Structure formats: structure tokens, C-alpha cells
Novice: 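Quick one: this structure, given as C-alpha cells, is what I'll be asking you about.
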Amino acid sequence: MKSMEKSYGKKDMKSYEKVYKLINARIRLVLDFVESRKTLEADLKSKQKYEYINMENPKTFDDKLWYMKRHFFSPLAVKCADKVLAREYVKDCGFGEILVPVHGIYESIDDVDFGLVPDECYIKCNGTSGCNYLYKKNQTDEKWIKKLFQLYQRRNYYKVSKEWVYKDARHQIIIEEKLEEEEGESLKDYRMFCFHGSLKVVMVNIGTATKQGEHAKEVLRSFYTPEFEWIQELRILGDRAASKRVDKPKNWDKMVEIAEKLSQPFAFCRVDLYNVTGKIYFSEMTFFPNGGINNIKPDEWGGVFGTWLDLEKCKSNEVYQYRE
């Protein structure tokens, strides 16, 4: 980076970073195309270097997620994985008040009139993770942001990880209100792991987003029981663990109620919520976290998660279509 800074000059570094992001987005599309040519089995084989998965005799959480990729399908899960359509589902469940205010939903980034959006707002794609940006009027390069999101809108996670919830995903743009904690406080992301409508563990993320609103490379994570007891040893993906526990939110019981109600139809669903100065907001619903490669540590915890996901119940659950 220092050599680049020397070549481009300090005042041009932002221009260099923008070019880098565009190149990186194009490279991802090429990699997506390569991945799209693989079968689910071939994709699994390529990922066995990260974690061994047994679909023939599934025991762990990740084993069972891959089994569900191969053998189950749910139109309702497809709806809820879409950030736009999920809003309808949240309203239908009686929780319309937790939706983050939206200033516009567009079929293409080219349809966005930046003269009409708030001075600060998030731009998001409805069917991807991490394809976000914090727009700031008179600071964000609008021509560049359109080029970036033209590339983001072409991504399809089904090609990358065979998650059927994204196979026929629409590619829309959401302009969403910026959520902010009190000064000096980091926004906390509560990821509620629910199995058959029951919360079993919550992962609290701190520092999920960069100043630009994109996914941060290093996130502080800690895990808690439904009673909000700290599970210090639990890790996913080897991310950095928080060095101290997070205080239990004052309206924690309401957060649990919301997560369990939204997840009730599904064998597994991770319901992501924010709690900003005491107000709960809905983020998204996820059905195959990390594409099914979570590498949960210690190993026994992968088995514990697996016991919570009952595949036999899925076969008799009318929400799912079973495929041999």
C-alpha cells in the first residue's frame, strides 16, 4: 500500500481505492462464473479443504446445512432471503415497526436519482451479503458508485455456494436509512440462531461495517445462550473473539420473541436484528450462514448445533419440499 501511495500520491489514493474496488468486483464475477459450472458435489469437494462435510451421514450443523442444500427446497425461505420480500413477511408476522425506513427500492442502480435521497443513507443489494455502501451527499462519487453497483447487481450467491434461496433471486437496489448508536458506541448486530422456531444461541457482532458501510475484515464476535450467558469458548470461522462480554439488552425478551416468531416455520433460520438505543430493527434472514462452511470450534459445538437441526422434522414440514 505504501508503494502505491508513493506512485499515486496521497491525494490520489482515494481514486486508486475506487479503481481497486471495481477491479475486485469484476474478479469476483469471473470467479462466480467458474464456480457456477460446478455441481453441488463438485463444489463441496473443493471446499473440503476448509472443513470436512459428511452429507451421507450428517451429524454436525454444517453437514446438515449441505444436506438441506441437496435435498430440500422452500419457497417461503426463498422469499425471506430476499431483503425486499422479507419486509413483507416481517409485516405479516406483526412486526412492521422493526423495519428500517426505506427511501426507495429500484430495479437498477441507474434508476436512482441521488438528488432525492437523504444526505446519508445505505445503498444495498437485496440478494447479496456485503454489497453495501454508505452514501454521503457531496462526498460519494456518484458515477463511481453506479459502476460499482452495476457489478454488484450481477452477483448470484447460488453460483458461489449452491444456496437455492438465491438461485432465482431478483437484483434490486435498496436505499435504506442509516442507523446510528449514541456517540462513541459501535453498532451491534445480534445474529439469532433459531432451530425449529426456538432460539438456541446468539452471536453478537461488533464492528461489522467499515466507515464506508462495507463488511469489515475483522469483526469482534461473542456468543450467548438464550438467557444471555456468555459462551466464551465458541468460535465460528476463526474470527476474533470479544475480550469482554456484551451487556444484555434491556428489551432482550422482545428480541427473542421476534426471532422465534419469524423463524417458526423453518428447521433453521438465523434472524439478524439490531438494537439501537433501545429500539429493535430487522436486518435480514439467513438460511445457510457462510454457505455452510462455518468451521465451528471447539469441534463438539458443531455437533451440538447439529443436534438442534432435526432433518426428519423437515421431511414432515409442509414449508419444505423434499427431493431424493
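FYI, side chains are in, hydrogens and waters are out, and symmetry mates aren't considered; it's all heavy atoms of this structure. This structure is a prediction, so every number in the text was calculated from the model and none was measured.
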Novice: About how many Å separate CD1 of Ile258 and OG of Ser263, when rounded to the nearest 0.5 Å?
Specialist: 11.5 Å

Novice: Please assess Trp164 against Phe72 for the test ring-ring contact (aromatic ring centres under 6.0 Å, His included), listing each intermediate value before the final yes or no.
Specialist: CA-CA 9 Å; Trp164 42 257; Phe72 290 95; 8.6 Å; no

Novice: Enumerate the salt bridge (charged side-chain N to carboxylate O under 4.0 Å, His left out) contacts for residues 262-277, please, sequence neighbours excluded, ordered by first and then second residue.
Specialist: Arg191-Asp272, Arg270-Asp272

Novice: Is Ile206 reachable from Trp230 through a run of I, L, V, M, F, W or Y residues, each pair having side-chain heavy atoms under 4.5 Å apart?
Specialist: yes

Novice: Can Lys279 be said to sit on top of Tyr281's aromatic six-ring, NZ or CZ under 6.0 Å from centre and within 45° of the ring axis?
Specialist: yes

Novice: Should side-chain heavy atoms under 4.5 Å link Ile, Leu, Val, Met, Phe, Trp and Tyr, which residues sit in the same cluster as Ile27?
Specialist: Val19, Ile23, Leu31

Novice: Trp252: which residues meet the ring-ring contact (aromatic ring centres under 6.0 Å, His included) condition with it, sequence neighbours left out?
Specialist: Phe228

Novice: Tell me who clusters with Val160, hydrophobic residues only, linked when side chains sit under 4.5 Å apart either directly or through other members.
Specialist: none

Novice: Test salt bridge (Lys or Arg N to Asp or Glu O under 4.0 Å) on Lys297 and Asp299 and set out the steps.
Specialist: CA-CA 5 Å; Lys297 298 296 180 183; Asp299 289 339; 2.7 Å; yes

Novice: What's the shortest heavy-atom distance between Pro289 and Phe268, and which atoms?
Specialist: CD-CE2, 3.5 Å

Novice: Return all side-chain donor-acceptor pairs below 3.5 angstrom for residues 193-200, not counting sequence neighbours, or 'none' if the list is empty.
Specialist:
from   : atom 1 : to     : atom 2 : distance (Å)
His196 : NE2    : Asp310 : N      : 3.0

Novice: Stepwise, does the side chain to side chain contact (heavy atoms under 4.5 Å, CB included) test hold for Ile53 with Ile293?
Specialist: CA-CA 9 Å; Ile53 302 295; Ile293 299 293; 4.1 Å; yes

Novice: Where do Asn54 and Asp63 land on the side-chain hydrogen bond (donor to acceptor under 3.5 Å, both in side chains) test, with the steps shown first?
Specialist: CA-CA 5 Å; Asn54 186 347; Asp63 290 347; 5.5 Å; no

Novice: Is it the case that over 12 heavy atoms from other parts of the model lie below 6.0 angstrom from the CZ atom of Arg37?
Specialist: no

Novice: For Met285 and Cys269, work out which heavy atoms get closest and say how close.
Specialist: CE-SG, 3.5 Å

Novice: Taking 4.0 angstrom as the limit, do Glu41 and Arg70 come out as a salt bridge?
Specialist: yes

Novice: I need the full list of side-chain hydrogen bond (donor to acceptor under 3.5 Å, both in side chains) pairs touching residues 75-95, with sequence neighbours left out, sorted by first then second residue.
Specialist: Asp82-Asn126

Novice: Just verifying a value: how many Å separate Arg245 CZ and Glu229 CD, rounded to the nearest 0.5 Å?
Specialist: 8.5 Å

Novice: For the NZ atom of Lys136 and the CD1 atom of Ile145, what is their distance to the nearest 0.5 Å?
Specialist: 12.5 Å

Novice: For a quick test of reading the model, state the closest non-hydrogen atom pair linking Ala25 to Leu148 and the distance between them.
Specialist: CB-CD1, 4.2 Å

Novice: Heavy atoms, side chains only, cut-off 4.5 Å: are Gln150 and Asp110 in contact?
Specialist: yes

Novice: Verify the ring-centre separation between Phe61 and Trp301: is it less than 6.0 angstrom?
Specialist: no

Novice: Is the positively charged end of Lys147 above the ring of Trp144, judged by distance under 6.0 angstrom from the centroid and angle within 45° of the axis?
Specialist: no

Novice: Side-chain heavy atoms under 4.5 angstrom apart, residues restricted to Ile, Leu, Val, Met, Phe, Trp, Tyr: same cluster for Met192 and Ile296?
Specialist: yes

Novice: Ignoring hydrogens and angles, tell me if any N or O in the side chain of Gln153 forms a donor-acceptor pair with the backbone of Ile109 under 3.5 Å.
Specialist: yes

Novice: Does the side chain to side chain contact (heavy atoms under 4.5 Å, CB included) test come out yes or no for Tyr122 and Ile175, once each step is laid out?
Specialist: CA-CA 6 Å; Tyr122 273 103; Ile175 304 295; over 6 Å; no

Novice: Answer yes or no: is there a side-chain heavy-atom contact under 4.5 Å between Tyr106 and Ile123?
Specialist: no

Novice: If every non-hydrogen atom of Phe223 is compared with every non-hydrogen atom of Arg235, which pair is closest and at what distance?
Specialist: CE1-CA, 4.2 Å

Novice: Locate the shortest heavy-atom distance separating Lys188 from Tyr274; write the atom from each residue and the value.
Specialist: O-CD2, 3.4 Å

Novice: Who passes ring-ring contact (aromatic ring centres under 6.0 Å, His included) against Tyr50, sequence neighbours left out?
Specialist: none

Novice: Can you check whether Lys64 reaches Phe305 side chain to side chain, under 4.5 Å on heavy atoms?
Specialist: no

Novice: Is Phe33 isolated, or which residues cluster with it under the ILVMFWY side-chain rule of less than 4.5 Å, directly or via members?
Specialist: none

Novice: For Tyr190, check ring-ring contact (aromatic ring centres under 6.0 Å, His included) against everything at least two apart and list the hits.
Specialist: none

Novice: Atom NZ in Lys162, atom NZ in Lys69: separation rounded to 0.5 Å?
Specialist: 8.5 Å

Novice: Counting only heavy atoms not in Glu56 (residues, nucleotides, ligands), do more than 12 fall under 6.0 Å from its CD?
Specialist: no

Novice: Pair Phe282, Leu262 - check side chain to side chain contact (heavy atoms under 4.5 Å, CB included), show working.
Specialist: CA-CA 10 Å; Phe282 172 78; Leu262 294 179; 4.1 Å; yes

Novice: Find out whether Leu22 and Lys18 are in side-chain contact, i.e. whether some heavy atom of one side chain is under 4.5 Å from a heavy atom of the other.
Specialist: no

Novice: Could you check if a side-chain atom of Glu120 sits within less than 4.5 angstrom of a side-chain atom of Lys137, using non-hydrogen atoms only?
Specialist: no

Novice: So, taking the atom named CD in Glu177 and the one named SG in Cys121, what distance separates them when rounded to the nearest 0.5 Å?
Specialist: 10.0 Å

Novice: Same cluster for Leu85 and Ile173 if Ile/Leu/Val/Met/Phe/Trp/Tyr side chains link at under 4.5 Å?
Specialist: no

Novice: Quick one: list whatever passes ring-ring contact (aromatic ring centres under 6.0 Å, His included) with His71, sequence neighbours left out.
Specialist: Tyr67, Tyr322

Novice: Taking side chain as C-beta onward, heavy atoms only, is Asn156 less than 4.5 Å from Ser36?
Specialist: no

Novice: Quick check on the hydrophobic clustering: are Leu311 and Met55 connected, directly or via other members, by side-chain heavy-atom contacts under 4.5 Å?
Specialist: no

Novice: Angle between ring planes, Tyr152 versus Phe149, binned at 30° and 60°: parallel, tilted or perpendicular?
Specialist: perpendicular

Novice: Is there side-chain contact between Asp62 and Leu65, with at least one heavy-atom pair below 4.5 Å?
Specialist: yes

Novice: Got more than 12 heavy atoms from elsewhere within 6.0 Å of CD, Glu227?
Specialist: yes

Novice: Would you check, one step at a time, whether the test side chain to side chain contact (heavy atoms under 4.5 Å, CB included) holds for Phe73 with Val78?
Specialist: CA-CA 9 Å; Phe73 179 75; Val78 171; 3.9 Å; yes

Novice: Is the distance from the ring center of Phe287 to that of Phe266 below 6.0 Å?
Specialist: yes

Novice: Taking only residues two or more places apart in sequence or in another chain, which ones pass side-chain hydrogen bond (donor to acceptor under 3.5 Å, both in side chains) with Asp113?
Specialist: none

Novice: Rounded to the nearest 0.5 Å, what's the gap from CZ on Arg155 to SG on Cys131? Could you check?
Specialist: 6.0 Å

Novice: Indicate if Met203 and Ile280 have the same hydrophobic cluster label, given that clusters are the connected sets of ILVMFWY residues with side-chain heavy-atom separations under 4.5 angstrom.
Specialist: yes

Novice: Connecting only ILVMFWY residues whose side-chain heavy atoms lie within less than 4.5 Å of each other, what is the rest of Val84's hydrophobic cluster?
Specialist: Val102, Ile105, Ile174

